[in-house]
Undergrad: 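Please read through the structure below; I'll follow up with questions.
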Amino acid sequence: MLDINLIRENPEKVKKALLKRMGSVDFTELLSWDTKRRELIVETENMKAERNRVSKLIPSIKKEGKDAGVYLSAMKKLSDTITERDKTVSELDGRIHDFMAALPNIPADDVLAGDKENNKVVRIWGDKPEFSFKPKDHVQLVTDLHLIDYERGAKLGGNGFWAYRGNGALLEWALLNYFIETHISDGYEFILPPHLLTWNCGYTAGQFPKFEEDVYRIENGEGQFILPTAETALVNFHRDEILKEDELPKKYFAFTPCYRKEAGSYRSDERGMIRGHQFNKVEMFQYTVPEDSEKALDELIGKAEKLVQGLGLHYRVSKLAAADCSASMGKTFDIEIWIPSMNIYKEVSSASNGYDYQARRGNIRFRRISTGKTEYVHTLNASGLATSRLLPAIVEQLQQEDGSIKVPSVLKKWLNMDTIKA
RNA sequence: GGAGAGAUGGUCGAGUUGGUUUAAGGCACCGGUCUUGAAAACCGGCGUAGGUGCAAGCCUACCCUGGGUUCGAAUCCCAGUCUCUCCGCCA
């Protein structure tokens, strides 16, 4: 949610910024609703003040034994008018709210306009592995090595699901442990949240109402949906709270599977486990004071990169153009990992600064010590990491001529073998 | 799933036969006086939001949520949510 004051005071500036990510922006109607609303509020509040004043007089009039009938009927009439005007105000409130709730975040000044094609590679780490033999693709590798069972996964969950088995499950579990251990030692608090969330959680995160179709909803539940990312849970952890300035930043991470409908997605060219309806992810999250959020974003990207580096995998970092960022986010960097067989870099982490956008939706504030006033916090999230693209990258980048996979040394604590063999 | 109890500002808590409570009071917290410093004591401040005003301020709303009754609702009525206790069922 944007601050409507920004639009009142400088509609052109906001419009210009939003046009970096949207086709068209028009505040004319919004501003007329807003003006009308404020006029009506002044009117009705004056009436309410009058009603309060007179109502307070009535007991003493009665006490004196006089007849208050004149006042009663006048106030009855006034109350009816107030009720009617209040209805109009709340209708306007609703319209304004719906309009505001549908607006995405304002892209940061240094974020380029346009969609994917304007994403900028800002860093490259390592080199594309060269093979002295004919490398296999990950679908073949994980199948040959019995790491992933696609057929039985689809038998159980339908198209877009797979099952980890044997060493594949161990490898997955080792990766998650590696992430978790790293985050704990960096001072992040481990959260295991509910996987079923209420509608409000989706709203605060900025996924609802616009992207309700992207999540699975529980048909016979109490209106919950299954989380598409742990971000949705973590951003709601402090919803409707006023935090203390000196307890910020709050640093959390969570492990959950992520469930996504991926309706209308480009699955056809993405074999294997590049895009599924369920994947595992460890998610980092920070609540910060506004002036520290850029620094926090750097920290999050750095942490995600360090995890990939630890695995010894070639990747690059891209700064996303405005329209490629999620609606709630003002700035996003993706860490993209090299998938040799596809000749392409695929996202394994997305690190974003939401600024105060989610905080406004979720009413998440802190009290500034120097002023005693409340302000909205900034919220940031970053995957650390998602495994569904990582595992293909690992098996493809670290495959050897005999078809086995070299196990990264950071994982040996949990996966006690040098290579994964058939 | 059943029964009971409850929900008031950061926290505890008064108010619940509707109208001198404009939500008392304690604690915590902040500022000040005193002190070499601290504590204690004393003085003052101290919920959130919307509107209006250059400002001081003023007005309005909010006592779990949403409706309703009334000139007037923390207080009465209806529906719901959550928490606690107990019982049942279940991994």
Side-chain angles (χ1 to χ4, degrees), chain A residues 1-9 30-101 192-204 218 220-225 233 236-248 250 287 289 356-377:
Chain A
M1 186 82 86
L2 301 180
D3 182 358
I4 194 166
N5 283 310
L6 287 178
I7 300 174
R8 277 180 198 157
E9 285 158 19
L30 174 74
L31 289 170
S32 79
W33 296 335
D34 183 54
T35 309
K36 182 78 193 150
R37 170 181 174 272
R38 284 190 287 168
E39 283 170 8
L40 276 173
I41 283 178
V42 172
E43 212 178 307
T44 57
E45 289 191 349
N46 285 336
M47 289 188 222
K48 284 177 188 173
E50 169 73 2
R51 181 178 66 186
N52 287 345
R53 195 180 61 79
V54 175
S55 289
K56 230 177 271 181
L57 292 177
I58 288 174
S60 58
I61 293 171
K62 283 186 174 170
K63 215 177 263 175
E64 291 170 28
K66 293 185 192 158
D67 180 20
V70 191
Y71 296 104
L72 296 189
S73 59
M75 288 306 102
K76 169 77 181 151
K77 223 173 128 193
L78 186 61
S79 272
D80 290 345
T81 313
I82 290 172
T83 306
E84 192 187 300
R85 300 292 167 88
D86 270 348
K87 231 166 132 185
T88 314
V89 171
S90 66
E91 195 193 306
L92 283 168
D93 273 338
R95 264 191 252 173
I96 291 167
H97 178 269
D98 290 350
F99 186 96
M100 293 300 293
L192 290 171
H195 295 184
L196 266 50
L197 303 174
T198 59
W199 193 92
N200 276 347
C201 294
Y203 174 79
T204 296
I218 305 299
N220 65 342
E222 319 297 326
Q224 295 103 327
F225 62 97
N236 280 279
F237 213 65
H238 292 295
R239 191 178 73 212
D240 294 316
E241 291 183 28
I242 299 175
L243 303 168
K244 296 197 177 87
E245 183 179 357
D246 55 17
E247 60 185 354
L248 295 173
K250 286 203 170 282
Y287 295 81
V289 294
D356 62 358
Y357 184 90
Q358 292 177 318
R360 283 179 188 281
R361 294 175 85 96
N363 198 25
I364 311 162
R365 293 167 294 171
F366 74 99
R367 193 175 299 281
R368 174 84 68 185
I369 291 169
S370 59
T371 62
K373 299 282 178 205
T374 57
E375 293 177 39
Y376 290 105
V377 300

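Sequence lines set the chain letters: A, B, ... in the order given, protein chains first and strands last, and positions in each chain run from 1. Quantities reported herein were computed from a predicted structural model and do not represent experimental measurements.
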Undergrad: In whole Å, measure the gap between the C1' atoms of B:C54 and B:U48 for me.
TA: 26 Å

Undergrad: Do A:Tyr357 and A:Leu2 touch side chain to side chain, with heavy atoms closer than 4.5 Å?
TA: yes

Undergrad: Using the C1' atom on both, measure B:U83 against B:C64 and round to a whole Å.
TA: 10 Å

Undergrad: When you match A:Leu72 and A:Arg8 each to their closest nucleotide on RNA chain B, which lands nearer the 5' end?
TA: A:Arg8

Undergrad: For A:Asp80, give me all partners under salt bridge (Lys or Arg N to Asp or Glu O under 4.0 Å), at least two apart in sequence or on another chain.
TA: A:Lys76

Undergrad: Could you give the CD-to-C1' distance, from A:Gln224 to B:U81, as a whole number of Å?
TA: 13 Å

Undergrad: Rounding to the closest angstrom, what is the interatomic distance between B:G6 and B:U16 at atom C1'?
TA: 14 Å

Undergrad: Can you tell me which stems involve RNA chain B, if a stem is defined as three or more consecutive Watson-Crick or G-U wobble pairs, both distances under 3.5 Å?
TA: B:1-7 with B:81-87, B:10-12 with B:25-27, B:29-33 with B:41-45, B:47-52 with B:57-62, B:64-68 with B:76-80

Undergrad: Counting C-beta onward and ignoring hydrogens, is there a side-chain heavy-atom pair between A:Thr198 and A:Phe225 closer than 4.5 Å?
TA: no

Undergrad: Using whole Å, what does the distance between atom P of nucleotide B:U48 and atom CZ of A:Phe366 come to?
TA: 14 Å

Undergrad: Using nucleotides 62-65 of chain B, report all nitrogen or oxygen pairs with the protein that are shorter than 3.5 Å.
TA:
none

Undergrad: Using side-chain hydrogen bond (donor to acceptor under 3.5 Å, both in side chains) as the criterion, list what pairs up with A:Asp86, not counting sequence neighbours.
TA: A:Lys48

Undergrad: When rounded to the nearest Å, what value does the distance between C1' atoms of B:G57 and B:G67 take?
TA: 36 Å

Undergrad: With nearest nucleotides of RNA chain B determined for A:Ser79 and A:Ile242 from heavy-atom distances, which residue corresponds to the more 5′ nucleotide?
TA: A:Ile242

Undergrad: Return the value, rounded to whole Å, for the distance between atom CG of A:Asp86 and atom P of B:G50.
TA: 17 Å

Undergrad: If I take atom CG in residue A:Leu92 and atom P in nucleotide B:G50, what distance separates them, rounded to the nearest angstrom?
TA: 17 Å

Undergrad: With the side chain counted from C-beta on, respond yes when A:Gln224 and A:Cys201 share a heavy-atom pair under 4.5 Å apart, and no when they do not.
TA: no

Undergrad: Using modelled atom types only, decide if a donor and an acceptor are shared between the side chain of A:Arg361 and the backbone of A:Ala101 within a distance under 3.5 Å.
TA: yes

Undergrad: With rounding to whole Å, what would you report as the distance between B:A41 and B:C34 at their C1' atoms?
TA: 9 Å

Undergrad: Mind checking side-chain hydrogen bond (donor to acceptor under 3.5 Å, both in side chains) for A:Glu50 and listing every partner two or more places apart, or none if nothing turns up?
TA: A:Arg53

Undergrad: Nucleotides 27-30 of chain B: which of its N/O atoms have a protein N/O under 3.5 Å away?
TA:
none

Undergrad: Among the candidates B:U70, B:G50, B:G72, find the nucleotide nearest to the side-chain atoms of A:Lys76.
TA: B:U70

Undergrad: So that I can tick it off, tell me whether A:Glu91 and A:Lys87 are bridged by a salt bridge, with the cut-off set at under 4.0 angstrom between side-chain N and carboxylate O.
TA: no

Undergrad: Write down the distance separating the C1' atoms in B:C58 and B:A39, rounded off to the nearest Å.
TA: 42 Å

Undergrad: Using the P atom as the reference point in each nucleotide, state the distance between B:G68 and B:U75 in Å, no decimals.
TA: 14 Å

Undergrad: Look at all strands and tell whether A:Val54 reaches a base, only sugar-phosphate, or nothing, counting heavy atoms closer than 4.0 Å.
TA: nothing

Undergrad: Do A:Lys36 and A:Thr88 have side-chain heavy atoms sitting under 4.5 Å apart?
TA: no

Undergrad: Check salt bridge (Lys or Arg N to Asp or Glu O under 4.0 Å) between A:Arg8 and all other residues, then give those that pass, not counting sequence neighbours.
TA: A:Asp34

Undergrad: In whole angstroms, how far is the C1' atom of B:U11 from the CD atom of A:Glu241?
TA: 15 Å

Undergrad: Looking at A:Thr374, does any N or O in its side chain come under 4.0 Å of the phosphate oxygens OP1/OP2 on B:A49?
TA: yes

Undergrad: OP1, OP2 of B:G47 versus side-chain N and O of A:Arg367: anything below 4.0 Å?
TA: no

Undergrad: Kindly indicate whether the side chain of A:Lys250, heavy atoms from C-beta on, has any atom under 4.5 Å from the side chain of A:Val377.
TA: no

Undergrad: Give me the distance, rounded to whole Å, that separates B:G44 from B:G25 when you measure between the P atoms they each carry.
TA: 12 Å

Undergrad: Flag yes if more than 12 heavy atoms outside A:Phe99 fall under 6.0 Å of its CZ atom; otherwise flag no.
TA: yes

Undergrad: Is the shortest side-chain heavy-atom distance between A:Ile364 and A:Gln358 below 4.5 Å?
TA: no

Undergrad: Residues in ring pair (Phe, Tyr, Trp, His ring centres under 6.0 Å) with A:Tyr287, at least two apart?
TA: A:His238, A:Phe285

Undergrad: Is any side-chain heavy atom of A:Tyr71 closer than 4.5 Å to a side-chain heavy atom of A:Leu57?
TA: no

Undergrad: Mind listing the N/O atom pairs, protein and nucleotides 74-78 of chain B, below 3.5 Å?
TA:
none

Undergrad: How would you label the contact of A:Arg368 with the nucleic acid (heavy atoms, under 4.0 Å): base, sugar-phosphate, or nothing?
TA: nothing

Undergrad: Report the residues that fulfil salt bridge (Lys or Arg N to Asp or Glu O under 4.0 Å) with A:Asp356, sequence neighbours left out, ordered by chain and then residue number.
TA: A:Arg360

Undergrad: For A:His97, enumerate each residue passing the ring pair (Phe, Tyr, Trp, His ring centres under 6.0 Å) test, keeping only those at least two apart in sequence or located in another chain.
TA: A:Tyr203

Undergrad: Over how many whole Å does the gap from A:Asp34 atom CG to B:G51 atom C1' extend?
TA: 11 Å

Undergrad: Report the distance from atom CD1 of A:Ile96 to atom P of B:A49, rounded to the nearest whole Å.
TA: 19 Å

Undergrad: Are any of the side-chain heavy atoms of A:Arg239 and A:Phe237 separated by less than 4.5 Å?
TA: no

Undergrad: Could you encode protein contacts along nucleotides 56-61 of chain B as a string, one character per nucleotide from 5' to 3', using B for base contact, S for sugar-phosphate-only contact and - for no contact, with a heavy-atom cut-off of under 4.0 Å?
TA: ---BBS

Undergrad: Please give, in whole Å, the distance from B:C82 P to A:Arg239 CZ?
TA: 13 Å

